Amino acid sequence: MNEHDIYEAIENIDNNILKRSERTKKPWWIGLTAAALVIAIGLGTVFNSGQNPVVTTAYAISEANYPKMAKYPDENSPTFHDDYDKWWESIKEQERETDYKNGVQPFVEQTAQQFLSDTEQNKVYSPLNVYMALAMLAEITGSDSRQQILDLLSSDSIESLRAQANDIWNTHYMNDGATTSILASSLWLDDGVKFNQQVMDILAKNYYASSYKGDMSSSEFNEVFKAWLSEQTGGLLDDQIEGIKFTPDTIMALATTIYFRSKWYQEFEDTKADVFHGATSDTTCKFMNASKTGNYFWGNNFSATYHLLDNYGGTMYFILPDEGVGVDELLKDKEVMDFIFSQKDWENEWENKKEIIINLSVPKFDITSQIDLQKGLENLGVTDVFDSEKSDFSPVTDMKNTYIGKAQHDVRFAIDEKGVTAAAYTVMLKCGSGPPPDDEIDFVLDRPFLFTIISDDGLPLFIGVVNQL
């Protein structure tokens with residue numbers, strides 16, 4: 001008996017499971033995706049970098065308690081039905097009914113354009129990673145410093161932002177041994193900082209953020225901090241993390257991460273060398289090929305298709321600009337963002353789509369990206385936290401003249417035949433724009449393109465630009 005048969009045999013099963021059964025026929029793998037944002041706040045300096053927390057009990061002020069999830073069941077186990085029921089119940093417990101998607105979309109539209117455009121280099125950005133960091137930053141700031149963040153996050157109060165961030169965290173939390181999706185957060189304070197315990201408790205309860213205190217000038221505390229970052233990003237960004245050092249002026253650091261792992265539903269089995277026509281030069285690289293029946297999408301300036309991830313992993317979309325249209329133009333095109341946010345209830349509701357045989361050809365890539373967030377955030381109206389005379393961190397400390405001196409977002413993202421591997425930290429085919437032929441189409445990503453990982457609730461975990469290989 002295969003797994004699809006088992007699903008159909010289970011009585012009273014939710015209809016959504018039947019829709020999803022095709023994604024769960026194979027054992028898990030795919031890839032790792034991770035992002036981290038760290039904001040270090042000092043008397044003039046701040047650094048940004050960034051499943052369960054590293055052992056830091058010696059320094060803990062307040063520690064987050066993650067939900068317990070049932071393990072994904074083994075279909076060969078004699079207790080499969082009971083195990084499946086327990087697993088499904090733990091999935092349902094993480095779901096939230098609120099419509100936070102509408103609140104996040106304006107933020108993603110504005111920030112993706114700011115952080116990904118105007119370059120010939122490869123860039124990757126994790127919107128939810130940066131969103132959670134900014135939400136926590138709003139919790140530890142006051143007056144105009146807080147209001148500027150609330151405005152960017154389209155929230156009318158810190159209470160509504162807190163509730164939305166909590167919904168986002170829970171909906172995207174998966175840790176069942178088959179798929180991993182964890183938004184981790186932490187706040188690190190120097191021994192000399194008098195802190196507000198109530199704020200630490202709010203962060204732990206609503207953001208699942210742990211807080212730690214120690215001597216930020218000591219190498220030991222710095223190493224514990226880096227070990228925490230490494231753990232949250234699956235070791236994928238260790239080279240970048242190794243360079244993070246607190247300065248004597250650092251009094252506080254805020255870190256958020258996202259760690260994600262799943263697998264392709266259909267692995268790529270045919271890999272051949274071909275030419276990628278990059279933004280600056282042509283290169284020969286390996287292209288992964290797969291033929292499947294799926295949806296082809298189109299808009300005024302782009303075409304798109306997808307490759308499914310298994311077991312609640314979501315979907316990876318590939319968005320190809322039309323000939324003569326640059327990637328930057330797509331980032332500024334609201335229609336593209338509307339397409340990215342058109343997935344609902346595991347189904348993309350974009351009007352211009354057609355089910356067809358798609359011969360997909362995707363280059364293998366392993367790219368790293370480093371984005372300085374400060375200029376982009378200032379362009380979007382978040383300015384006071386970078387100004388020592390205007391910044392207000394009074395909710396968490398009474399120390400004056402503190403400000404963020406650096407906000408940096410580092411990402412590593414890779415795909416191969418089996419899946420996706422990505423990590424990030426913030427230190428804070430030839431087709432046209434029209435309906436396809438009746439039978440099949442070649443979708444060849446052999447020139448600059450956009451990609452995004454969309455969770456099953458329709459939010460982008462990662463958005464990236466491949467300009468050069």
Side-chain angles (χ1 to χ4, degrees), residues 35 37 39 41 48 50 64 94-115 125-173 183-187 196 198-209 254-258 334 337-338 340-341 344 373-374 376-387 390-396 404 407 409 426 428 455 457-461 463:
L37 185 151
I39 301 177
I41 304 163
N48 281 358
Q94 294 307 122
E95 293 182 357
R96 298 297 183 271
E97 298 299 328
T98 55
D99 189 15
Y100 51 77
K101 188 174 175 181
N102 290 336
V104 175
Q105 183 169 354
F107 167 76
V108 175
E109 291 178 353
Q110 294 179 75
T111 54
Q113 181 179 336
Q114 281 288 332
F115 300 145
Y125 163 53
S126 175
L128 294 192
N129 172 231
V130 177
Y131 183 95
M132 295 298 287
L134 290 174
M136 285 182 60
L137 189 60
E139 291 280 3
I140 64 174
T141 54
S143 61
D144 288 344
S145 297
R146 171 181 287 180
Q147 189 59 51
Q148 291 171 359
I149 300 170
L150 292 177
D151 290 344
L152 177 58
L153 301 183
S154 301
S155 291
D156 55 14
S157 68
I158 191 63
E159 290 79 15
S160 62
L161 175 61
R162 187 180 299 156
Q164 180 161 285
N166 185 267
D167 286 344
I168 289 172
W169 194 97
N170 277 283
T171 301
H172 290 86
Y173 179 75
L183 288 157
S185 301
S186 60
L187 189 67
N196 184 336
Q198 184 180 6
V199 174
M200 304 299 108
D201 295 340
I202 288 173
L203 295 177
K205 179 181 178 181
N206 296 281
Y207 299 85
Y208 295 87
L254 184 156
T256 63
T257 67
I258 178 172
K334 190 175 187 310
M337 286 298 159
D338 287 343
I340 288 175
F341 279 87
K344 183 178 181 181
L373 299 180
Q374 180 173 345
L377 289 174
E378 289 177 335
N379 289 341
L380 294 169
V382 179
T383 58
D384 283 11
V385 290
F386 299 103
D387 188 326
K390 296 181 179 179
S391 61
D392 179 0
F393 287 91
S394 58
V396 69
I404 298 176
H409 186 55
T426 313
M428 245 259 22
S455 63
D457 70 337
L459 288 185
L461 301 178
I463 302 175

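All figures in this text were calculated on a predicted structure; none of them were measured in a lab.
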For Met337 and Ala112 the tightest heavy-atom approach is CE-CB, 3.6 Å
Taking the inter-plane angle between the rings of Tyr125 and Phe115 on a 0 to 90° scale, is it parallel (under 30°), tilted (30 to 60°) or perpendicular (over 60°)? perpendicular
Of all residues at least two apart in sequence or in a different chain, which pass the salt bridge (charged side-chain N to carboxylate O under 4.0 Å, His left out) check with Arg146? none
Who are the side chain to side chain donor-acceptor pair (under 3.5 Å) partners of Ser143, not counting sequence neighbours? Asp392
Show every salt bridge (charged side-chain N to carboxylate O under 4.0 Å, His left out) that has at least one partner inside residues 126-140, sequence neighbours left out. Glu139-Arg162
Side-chain donor/acceptor of Glu378 to backbone N/O of Thr383, under 3.5 Å: no
Can you list everything that forms a salt bridge (charged side-chain N to carboxylate O under 4.0 Å, His left out) with Glu109? Sequence neighbours excluded, please. Lys334
Side chains of Ile404 and Leu137: closer than 4.5 Å at any heavy-atom pair? yes
Is a side-chain N or O of Thr256 found less than 3.5 angstrom from the main chain of Asn129, in a donor-acceptor match? yes
Check whether Asn206 reaches the backbone of Asn166 with its side chain - one donor and one acceptor, N or O, closer than 3.5 Å. no
For Ala209 and Ser186, the nearest pair of non-hydrogen atoms, with its separation, is CB-N, 4.2 Å
Any sub-3.5 Å donor-acceptor pair from Ser391's side-chain atoms to Phe386's backbone N or O? no
Interatomic spacing from CD in Gln113 to CD1 in Ile463 - rounded to 0.5 Å: 12.0 Å
Nearest heavy-atom neighbours spanning Ser455 and His172: OG-NE2, 3.0 Å
Looking at every heavy atom in both Gln114 and Gly376, which two are closest together, and how far apart are they? OE1-CA, 3.5 Å
Set of residues satisfying ring pair (Phe, Tyr, Trp, His ring centres under 6.0 Å) with respect to Phe107, sequence neighbours excluded: Tyr131
With a cut-off of 6.0 Å (strictly less than), are more than 12 heavy atoms of other residues, nucleotides or ligands near CD of Gln198? no
Determine whether Leu187 and Met200 make a side-chain contact, defined as any pair of heavy atoms from C-beta on separated by less than 4.5 Å. yes
Distance-only donor-acceptor check, side chains Asp151 and Gln147, under 3.5 Å: yes
Taking ring pair (Phe, Tyr, Trp, His ring centres under 6.0 Å) as the test, write out the residues that go with Phe393, two or more places apart. none
Quick one: does any side-chain atom of Gln110 pair with a main-chain N or O of Leu380 as donor and acceptor, under 3.5 Å? no
